[in-house]
Amino acid sequence: MEKIDIVLASGSPRRKELMEREGVEFTVRVSEVDESLEPDLLRQPEEAAKKLAERKARAVLEEMLNEAYVGTAMVVGADTMVVADGVIYGKPGDEADARRILGELSGRAHQVITGVSVWLAGAPANEEDISIAFRSFAETSHVFFKELDEELIDRYIATGEPMDKAGAYGVQGKGGEMLVERVAGDFDNVVGLPVKRLIAEFQEFFEAAK
């Protein structure tokens, strides 16, 4: 198999760190996409996470091809969402929203679902012969929160950590120490990317990127 260019379609420093930890050679490229979800997808969190991951990866791949990319590329998109009793919790809009989310997750178990979408493209110099395929999957982990009082929630929000994270917390940072009782399942998935499963399912392509 010829050499593959791996592209991470995410600006998340946490996903970047997970890929680097596994020794993957890749570049980062981000494209703005519509992250709104249709009502039927809001009732299917795993499908919703996969759909958003697909949008992110596809948008980056389309930009590359529009710039006359030549070669073989594997574009990885991901979207992580927090779900409790069927309700999807995204990134908080402001501190008041973060306070609401953390209050609702207090003392409960919730699921963290990461949708991953991998797009493969072969783009030879002859543009007519471009081939594209993609496959997506979702990984679910379970997170159990401690009972959180208002003072603890306020102290955590004051760290600034919740504002760019689904569910208003980061398990790999202060959130893991202050809020989380335990995690069942893939910890990396809660961070934002089930990187070991990703590499296992697409091993031949990761090998070809070395």
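Along the sequence shown, residues are numbered consecutively beginning with 1.
In this view, Thr159 and Tyr156, Glu161, Pro162, Lys174 satisfy the side-chain contact (heavy atoms from CB on, under 4.5 Å) rule, not counting sequence neighbours. Among residues two or more places apart in sequence or in another chain, the side-chain contact (heavy atoms from CB on, under 4.5 Å) test is passed with Asp85 by Arg108. Considering only residues two or more places apart in sequence or on other chains, Asp149 meets the side-chain contact (heavy atoms from CB on, under 4.5 Å) condition with Glu151, Leu152.
Side-chain atoms of Arg155 and Met178, non-hydrogen and from C-beta on, do get closer than 4.5 Å to each other. Side-chain atoms of Arg14 and Lys165, non-hydrogen and from C-beta on, do get closer than 4.5 Å to each other. Contact annotation: the side chain of Val116 approaches that of Val76 to within less than 4.5 Å [non-hydrogen atoms, C-beta and beyond]. No side-chain heavy atom of Val118 sits under 4.5 Å from any side-chain heavy atom of Val75. Between Phe206 and Met74 the shortest side-chain heavy-atom distance falls below 4.5 Å. For the pair Phe144/Val180, no side-chain contact is recorded, criterion being any heavy-atom separation below 4.5 Å from C-beta on. Using a 4.5 Å cut-off on side-chain heavy atoms (C-beta onward), Val82 and Leu105 make contact. The side-chain heavy atoms of Phe26 and Val7, taken from C-beta on, include no pair separated by under 4.5 Å.
Under a 3.5 Å cut-off, the side chain of Ser136 and the backbone N or O of Ser117 do not form any donor-acceptor pair. The main-chain N or O of Ala209 is found under 3.5 Å from a side-chain atom of Lys3 such that the two form a donor-acceptor pair.
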Show the numbers, then the answer: is there a salt bridge (charged side-chain N to carboxylate O under 4.0 Å, His left out) between Glu20 and Lys16?
CA-CA 6 Å; Glu20 288 172 343; Lys16 181 173 181 285; 2.7 Å; yes
Can you check side-chain contact (heavy atoms from CB on, under 4.5 Å) on Val83 and His110, steps first, answer last?
CA-CA 6 Å; Val83 182; His110 62 264; over 6 Å; no
Start with the C-alpha gap between Glu47 and Lys51, add the side-chain angles, then the distance that decides, and say whether salt bridge (charged side-chain N to carboxylate O under 4.0 Å, His left out) holds.
CA-CA 6 Å; Glu47 292 304 313; Lys51 180 63 69 177; over 6 Å; no
For Arg15 and Leu8: C-alpha separation, side-chain torsions, deciding distance, then whether side-chain contact (heavy atoms from CB on, under 4.5 Å) applies.
CA-CA 8 Å; Arg15 293 186 182 119; Leu8 177 61; 4.2 Å; yes
Apply side-chain contact (heavy atoms from CB on, under 4.5 Å) to the pair Ile6 and Val24, showing each step before the final yes or no.
CA-CA 8 Å; Ile6 296 179; Val24 177; 4.0 Å; yes
Show your reasoning for whether side-chain contact (heavy atoms from CB on, under 4.5 Å) applies to Trp119 and Ile132.
CA-CA 7 Å; Trp119 289 64; Ile132 297 173; 3.8 Å; yes
As a quick check of understanding, evaluate side-chain hydrogen bond (donor to acceptor under 3.5 Å, both in side chains) for Gln111 and Thr140, giving each step before the final call.
CA-CA 6 Å; Gln111 293 75 51; Thr140 300; over 6 Å; no
What verdict does the salt bridge (charged side-chain N to carboxylate O under 4.0 Å, His left out) test give for Lys91 and Asp97, after you've listed the backbone C-alpha separation in whole Å, the side-chain angles of each residue and the deciding distance to 0.1 Å?
CA-CA 9 Å; Lys91 298 174 184 177; Asp97 195 30; over 6 Å; no
Chi angles and distances behind the salt bridge (charged side-chain N to carboxylate O under 4.0 Å, His left out) call for Glu63, Arg29
CA-CA 10 Å; Glu63 280 188 2; Arg29 181 161 178 161; 3.2 Å; yes
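Under a hydrophobic clustering in which Ile, Leu, Val, Met, Phe, Trp and Tyr are joined whenever their side-chain heavy atoms come within less than 4.5 Å, directly or via other members, Leu61 and Ile130 fall into the same cluster. Follow the hydrophobic side-chain contacts under 4.5 Å out from Val33 and you never reach Val28; the two are in separate clusters.
Here Leu52 contributes atom CG and Ser36 contributes atom OG; the two are 8.5 Å apart, rounded to the nearest 0.5 Å. Distance CZ/Arg99 to CD/Glu104: 13.5 Å, rounded to 0.5 Å. In this structure, CD in Gln172 is found 7.0 Å from CZ in Phe187, a value given to the nearest 0.5 Å. One distance of note links CD of Glu177 with CG of Leu179; it measures 10.0 Å at 0.5 Å rounding. To the nearest 0.5 Å, atom CG of residue Leu148 and atom CD1 of residue Ile153 are 5.0 Å apart. Here CD of Gln203 is found 11.5 Å from CZ of Phe205. Values are rounded to the nearest 0.5 Å.
In the displayed structure, Glu38 atom CD is contacted under 6.0 Å by more than 12 heavy atoms of other residues, nucleotides or ligands.
Ring pair Tyr169/Phe145 is perpendicular by interplanar angle, where above 60° counts as perpendicular and below 30° as parallel.
A pairwise comparison of heavy atoms in Pro45 and Ile113 identifies CB-CD1, 3.7 Å as the closest pair. Scanning all heavy atoms of the two residues, the minimum distance from Ala73 to Ile4 falls at C-CG2, 4.3 Å. The two residues Gly115 and Ala49 come nearest to each other via the heavy atoms N-CB, 3.5 Å.
Pairs of residues two or more places apart, or lying in two chains, never qualify as ring pair (Phe, Tyr, Trp, His ring centres under 6.0 Å) while including a residue from residues 66-92. Each salt bridge (charged side-chain N to carboxylate O under 4.0 Å, His left out) pair with one or both residues in residues 178-188, not counting sequence neighbours, appears once here: Arg21-Asp188.
Defined by atom type and a distance below 3.5 Å, a donor-acceptor pair is missing between the side-chain atoms of Arg58 and Ser31.
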Under 3.5 Å, which donor-acceptor pairs link side chains of residues 189-197 to any protein atom two or more places apart or in another chain?
| from | atom 1 | to | atom 2 | distance (Å) |
| --- | --- | --- | --- | --- |
| Asn189 | OD1 | Thr114 | OG1 | 3.1 |
| Asn189 | ND2 | Val112 | O | 3.1 |
| Asn189 | ND2 | Glu139 | O | 3.1 |
| Asn189 | ND2 | Ser141 | OG | 3.1 |
| Lys196 | NZ | Glu22 | OE2 | 3.1 |
| Arg197 | NE | Glu201 | OE2 | 2.7 |
| Arg197 | NH1 | Ala138 | O | 3.2 |
| Arg197 | NH1 | Glu139 | OE1 | 2.7 |
| Arg197 | NH2 | Glu201 | OE2 | 3.3 |

